[in-house]
Protein chains: 2
Amino acid sequence: MILLPVLASYVASNTPFVLYANCNVVYDGRASSLLSDGNFLTIYKSDGSLQIHGADKIMPRNYQGAKSRLSFDGRQLVSHNKREKILVNINQILQLLPLQEWSDHSIVINKTEKELVEKLLHDWQYFIDVECHTIVREYSTDYGPVDLVGVDIFDCKHVVEVKRRKASIKDVTQLRKYLECIPGAKGYIAAPNISPKASKYLSQHQCRFITIDFDA
Amino acid sequence: MILLPVLASYVASNTPFVLYANCNVVYDGRASSLLSDGNFLTIYKSDGSLQIHGADKIMPRNYQGAKSRLSFDGRQLVSHNKREKILVNINQILQLLPLQEWSDHSIVINKTEKELVEKLLHDWQYFIDVECHTIVREYSTDYGPVDLVGVDIFDCKHVVEVKRRKASIKDVTQLRKYLECIPGAKGYIAAPNISPKASKYLSQHQCRFITIDFDA
DNA sequence: ATTTGCATGTCGACT
DNA sequence: AGTCGACGTGCAAAT
């Protein structure tokens with residue numbers, strides 16, 4: 001097959017490429033897996049990452065993160081890093097493209113949790129309805145930082161965990177963890193919505209739900 | 001550009017394809033984002049999913065899940081589903097490949113959490129060191145199923161949360177949530193390892209750590 | 001349709 | 001290198 005030397009040259013020069021090939025994939029590392037023979041799409045990026053995609057799903061069938069080393073012995077692509085290894089056994093190359101001048105800039109994103117935190121901080125009184133002389137972002141505790149902590153005139157702390165989407169049970173467990181290190185504090189989940197079970201669990205622990213979303 | 005009608009035909013016939021193009025991407029849905037002009041790799045799969053990759057990372061810059069609808073108006077790829085929308089504004093097509101006969105079978109995977117659960121179940125005595133007349137997998141509680149619950153001769157319940165990798169603080173909070181619904185139970189985290197903070201948090205709550213891994 | 005928890009989660013930030 | 005938490009998490013299973 002005439003494309004094998006081309007592939008070899010891409011690997012040698014760390015050129016990113018897309019390879020459509022009949023192949024199978026063996027992975028061993030954190031888990032281990034086999035992908036049996038079929039036509040799959042392999043993407044190599046010059047950060048060292050490798051991913052093998054099937055005909056559906058967003059997630060690749062197999063993948064290896066950045067800073068992996070790729071090599072090619074004529075038939076087999078091998079990607080390995082400290083503790084993981086992928087073998088792509090190539091039966092037949094169907095398509096092969098180099099990806100030159102591939103851009104690496106990132107997206108600019110809105111509607112993040114950070115924005116909701118800012119919003120709540122700015123309009124604390126409206127959302128929490130308790131006057132606080134101090135409000136701290138990323139309040140540090142023994143078991144990690146809390147999104148927002150306000151201190152009222154009685155020195156009582158109001159601990160708020162903010163979520164960008166509907167709050168679930170595990171969000172409440174996260175809040176409880178923080179509450180344990182801050183004796184006497186009141187707990188809040190602030191989110192656009194909350195699931196019924198999470199809501200029940202929240203109120204059983206004398207915590208309150210605050211509605212907050214991205215609309216004006 | 002001669003490739004635009006080709007792209008149109010792929011979209012019309014729901015043919016999966018890889019498109020390398022100079023483009024920008026606008027997303028609005030759960031969040032909103034902008035990816036400014038650059039050369040990016042777009043993958044369309046016939047399950048309706050779309051993803052736009054940059055030159056690094058495993059994750060795409062933008063994506064849309066399965067069951068989305070793709071259309072093309074000559075310049076712009078549009079993918080939308082119930083509540084999300086992506087626009088890919090194409091300045092120039094650099095490469096375009098149809099992906100025929102793309103395989104959709106999945107990997108066969110080993111070293112899952114399920115395997116660790118089986119292992120612990122099979123050698124309960126060795127790991128937990130308490131004789132139990134009953135051991136239940138996926139034991140149902142008000143706040144979700146527990147991996148393993150054993151009942152000893154004093155009717156005391158031993159609640160085990162299994163993790164396939166190093167246990168962290170949030171794994172302990174998950175265990176505690178289950179313990180709350182089962183009064184008088186003893187709690188265990190079984191994992192290959194545990195972080196120092198998680199270990200401290202675990203012992204503060206009178207729970208035990210059990211070492212279990214994928215080796216023989 | 002909603003909710004939950006696993007995942008080779010990935011990724012970024014901070015220690 | 002280790003730990004932690006957000007993420008448009010994705011994804012499957014259970015309800």
Ignoring backbone atoms, test whether [X] places a side-chain nitrogen or oxygen under 4.0 Å from the OP1 or OP2 oxygen of [N].
X      : N      : value
A/R30  : C/dC6  : no
B/K163 : C/dC6  : yes
B/K57  : C/dG12 : yes
A/S168 : C/dT4  : yes
A/Y63  : C/dT10 : yes

### Query
Hey, is the main chain of A/N39 close enough, under 3.5 Å, to the side chain of B/S103 for a donor-acceptor pair?
yes

## Note on the structure
Assert: residue with more 5' nearest nucleotide on DNA chain C, out of B/R165 and A/K166, is A/K166

### Task
With DNA chain C as reference, determine whether B/K170 or A/K170 sits nearer its 5' end, using the nearest nucleotide of each.
A/K170

### Message
Is it the case that the ring center of A/F40 lies less than 6.0 angstrom away from the ring center of B/H105?
### Response
yes

How many whole angstroms separate atom [atom1] of [X] from atom [atom2] of [N]?
X      : N      : atom1 : atom2 : value
A/K82  : C/dT8  : NZ    : C1'   : 18 Å
B/Y143 : D/dT15 : OH    : P     : 17 Å
A/Q174 : D/dG5  : CD    : P     : 6 Å
B/K200 : D/dC4  : NZ    : P     : 12 Å

Under 4.0 Å, counting only non-hydrogen atoms across every strand here, what does [X] touch: a base, just sugar-phosphate, or nothing?
X      : value
A/Y27  : base
B/T112 : sugar-phosphate
B/E161 : sugar-phosphate

#### Entry: Check ion pair A/D215-A/K119 (N to O, under 4.0 angstrom)
no

### Query
So does A/E115 pair up with A/R164, basic N to acidic O under 4.0 Å?
no

### Task
Report yes or no: is there a donor-acceptor pair, N or O only, under 3.5 Å between the side chain of A/D28 and the base of C/dT8?
no

### Query
Taking the nucleotide of DNA chain D with the closest heavy atom to each, which residue, B/P196 or A/E113, is nearer the 5' end?
B/P196

### Query
If you find the nucleotide of DNA chain D closest to A/I58 and the one closest to B/A198, which residue's nucleotide is nearer the 5' end?
B/A198

### Message
Tell me which one of B/L96, B/I43, B/L97 satisfies side-chain contact (heavy atoms from CB on, under 4.5 Å) with B/F17.
### Response
B/L96

